[in-house]
Amino acid sequence: MADQENIPIGLETQNKVAEAIYLRWYSNWARHPRPWNEMPMEGKEPWRRVAKDAIRTFFASPEFQTLLDDVYDEGYEAAEKKTPKAKTKARSCGERQRPAA
């Protein structure tokens with residue numbers, strides 16, 4: 001897997017995660033937050049940086065690595081079930097393939 005520091009995280013993704021963190025943060029308080037869409041970019045910037053760090057931390061977590069491994073294994077097993085097994089004999093590097101009779 002790529003180095004976690006070099007994983008590109010799109011600006012749209014950062015903003016969506018930042019909005020979710022912002023709304024979750026204020027859901028526990030009695031005070032109503034300023035609507036995200038009405039907030040100037042300067043007000044969103046600290047939330048976007050928090051979101052970027054959260055995404056990187058998630059990518060580096062053992063839970064995410066396990067999730068990737070599980071998804072890969074499931075996909076590999078599903079592909080094996082879909083493709084019929086070829087009934088060919090393994091051959092050595094120097095052996096020529098013979099046409100089927």
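For the numbers below, each heavy atom of this structure counts, side chains included, while hydrogens, waters and symmetry mates do not.
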Can you give the donor-acceptor pairs under 3.5 Å from side chains of residues 36-48 to other protein atoms, not counting sequence neighbours?
unit_1, atom_1, unit_2, atom_2, d
Lys44, NZ, Trp36, O, 3.4
Glu45, OE1, Arg48, NE, 3.2
Glu45, OE2, Arg48, NH2, 2.6
Arg48, NH1, Gln14, OE1, 2.2

**Message:** Let's go through Tyr76 and Lys81 carefully: what are the C-alpha distance in whole Å and the side-chain angles of both, what is the deciding distance for side chain to side chain contact (heavy atoms under 4.5 Å, CB included) to 0.1 Å, and is it a yes or a no?
**Reply:** CA-CA 9 Å; Tyr76 188 73; Lys81 290 178 184 176; over 6 Å; no
**Residue list, side-chain contact (heavy atoms from CB on, under 4.5 Å) with Ser61, at least two apart or on another chain** = Phe58, Glu63, Phe64
**Asked** Any donor-acceptor pair under 3.5 Å linking the side chain of Thr13 with the backbone of Ile9?
**Response** no
**Fill in**
Note: Ala51 and Ala18 closest approach over all heavy atoms is CB-N, 3.4 Å
**Prompt:** Are Val71 and Phe59 linked, directly or through other ILVMFWY residues, by side chains that come within less than 4.5 angstrom of each other?
**Reply:** yes
